[in-house]
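Read the structure below first, then the notes.
All values derive from a computational prediction rather than experimental measurement. Every number for a ligand or one of its atoms is a count from 1 in the order of the listing.
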Amino acid sequence: MREESVFPDADALSHAAAAMIGEAAAIAMTARGRFTIALSGGETPQNLYRVLATEYATQVPWDATHVFFGDERCVPPDHPDSNYGMAREALLARIPGLESRTRRIEGERPAGDGASRYAEMLHREFPHTAGTPPTTFDILLLGVGTDGHTASLFPGSPALSERSRWALATQAPAGAAVTNRVTLTFPALDAARTTLILCAGAGKRAIVAQIRAALAHAGERYPVARVTARGTVHWLLDEAADGGPPGSS
Ligand code: 6PG
C-alpha cells in the first residue's frame with residue numbers, strides 16, 4: 001500500500017513523521033515488546049532526529065528501541081559525512097543508552113566486508129524461516145535523491161537486482177558525498193513493516209513530478225519508486241517538493 005501526505009513545510013513534515021514513529025513504537029511494544037527503526041542519512045531527516053531527541057524524549061519507549069541504518073558512506077563514524085555520525089549528533093547521543101542499542105554500518109571497513117557483517121547481524125536480529133517472507137524494521141526511514149535514488153541504491157546500479165543478500169557494497173555517482181557506500185537491498189528494505197519516505201524542498205520538485213509520472217508505468221527507472229513494504233510505504237512531502245496544485249509553480 002502506498003500513501004502520500006503533503007505538509008506546509010519541512011518542520012511540519014518532521015513533526016508528522018515523529019508522531020507516526022511514536023504511534024508505530026506503541027504498536028510494536030504491545031505486539032513484540034521492542035521497537036526497531038532504521039535511519040537514513042542526508043539532510044532532510046536531521047530536523048526529525050532533533051524533534052525526536054527533544055519533543056519525543058519521553059514519548060518513545062527509547063529503552064526498548066533498537067536502531068539500525070539503511071545505508072552508510074564508507075568513512076569512519078566520526079567523519080562529517082558519516083550517516084551514523086550525523087544521527088549520533090542529532091539523536092542517538094541525546095537519549096541515554098540509545099547508542100548501546102544502535103547497530104551502525106561499519107563505514108571504516110572495506111565496503112564488502114562492512115556489508116556482509118551488517119547483513120549477518122540483520123539476519124540474527126530479524127530471524128525468519130525459509131519459505132516465509134522476512135519482516136525487518138517496524139519503521140524504515142528513507143530519503144529521495146534528485147536522481148531518484150534511495151538509501152544508496154542509485155539508478156542503473158547492479159545492487160537494484162539483488163534478490164537474496166540484504167546488504168551490498170555499492171558506488172554513488174561521481175560528485176556525491178563519498179562514492180563508496182554500503183546499502184541495504186530491496187529484500188531487506190521491502191521487509192520493513194512501515195516505510196516513511198521523507199522528501200522536502202524545492203530541489204526535489206522535479207524528481208517528485210518525474211516519479212509520479214513514472215509510477216503510472218511501474219516506476220522502474222527510479223529506485224525509490226520500487227520500494228515496497230510489508231505494510232505501508234508512506235511518502236511525506238512538503239509543499240515545496242510537492243509543487244502544489246497544477247499551475248502553481
Ligand atoms: C545518504 C542517503 C540518501 C539520502 C538522499 C536524500 O546517505 O545520502 O541515505 O539516500 O537519503 O540522498 O538526501 P537529502 O535528505 O540530503 O536530500
If I apply the N/O under 3.5 Å rule, does L142 come out as touching ligand 1?
no

Considering heavy atoms of the protein only, find what lies nearest to atom 4 (C) of ligand 1 and give residue, atom and distance to 0.1 Å.
G41 O, 4.0 Å

Which protein heavy atom lies closest to atom 6 (C) of ligand 1, and at what distance to 0.1 Å?
V144 O, 3.4 Å

Among all protein heavy atoms in this structure, tell me which lies nearest to atom 10 (O) of ligand 1, with the distance rounded to 0.1 Å.
A151 O, 2.6 Å

Here the atoms of ligand 1 under 4.0 Å from any heavy atom belonging to K204 are 14 (P), 17 (O)

Under a 4.0 angstrom heavy-atom cut-off, which atoms of ligand 1 come close to H149?
3 (C), 5 (C), 10 (O), 12 (O)

Under 4.0 Å to a heavy atom of R73 - the qualifying atoms of ligand 1, by number:
1 (C), 7 (O), 8 (O)

re atom 13 (O) of ligand 1, the protein heavy-atom contact at minimum distance is G42 CA, 3.8 Å

Heteroatom proximity flag, T150 to ligand 1, N/O under 3.5 Å
no

Should the pair F69 and Y84 be assigned to parallel (<30°), tilted (30 to 60°) or perpendicular (>60°) ring geometry?
perpendicular

Test side-chain hydrogen bond (donor to acceptor under 3.5 Å, both in side chains) applied to D138 and T36, T65, T194, the passing residue
T36

Go through it in stages, so that I can follow the logic: the residues are Y222 and Q210, the test is side-chain hydrogen bond (donor to acceptor under 3.5 Å, both in side chains), and I'd like the CA-CA distance, side-chain angles, deciding distance and then a yes or no.
CA-CA 9 Å; Y222 302 109; Q210 290 167 43; 3.0 Å; yes

Just to confirm my output: which protein heavy-atom neighbour is closest to atom 2 (C) of ligand 1, and how far is it?
D71 OD2, 3.4 Å

Using the side-chain hydrogen bond (donor to acceptor under 3.5 Å, both in side chains) rule, take D71 and T183 through it: C-alpha gap first, then chi angles, then the decisive distance, then the call.
CA-CA 4 Å; D71 73 326; T183 189; 5.4 Å; no

Non-hydrogen atom of R181 closer than 4.0 Å to ligand 1:
yes

Using a strict threshold of under 4.0 Å (side-chain N to carboxylate O), is an ion pair present between E89 and R94?
yes

Report the nearest protein non-hydrogen atom to atom 15 (O) of ligand 1: residue, atom name, distance rounded to 0.1 Å.
T44 OG1, 2.5 Å

Determine, for R117 against E106, whether the closest basic-nitrogen to carboxylate-oxygen distance falls under 4.0 angstrom.
yes

Closest approach of any protein heavy atom to atom 16 (O) of ligand 1, naming residue and atom
E43 N, 2.7 Å

Verify side-chain hydrogen bond (donor to acceptor under 3.5 Å, both in side chains) between H234 and S5, making sure each step is shown before the conclusion.
CA-CA 8 Å; H234 200 138; S5 303; 2.8 Å; yes

Could you label the plane-to-plane angle of the F137 and F126 rings as parallel, tilted or perpendicular, counting under 30° as parallel and over 60° as perpendicular?
perpendicular

Between E4 and R212 (salt bridge meaning N to carboxylate O under 4.0 Å), is one present in this structure?
yes

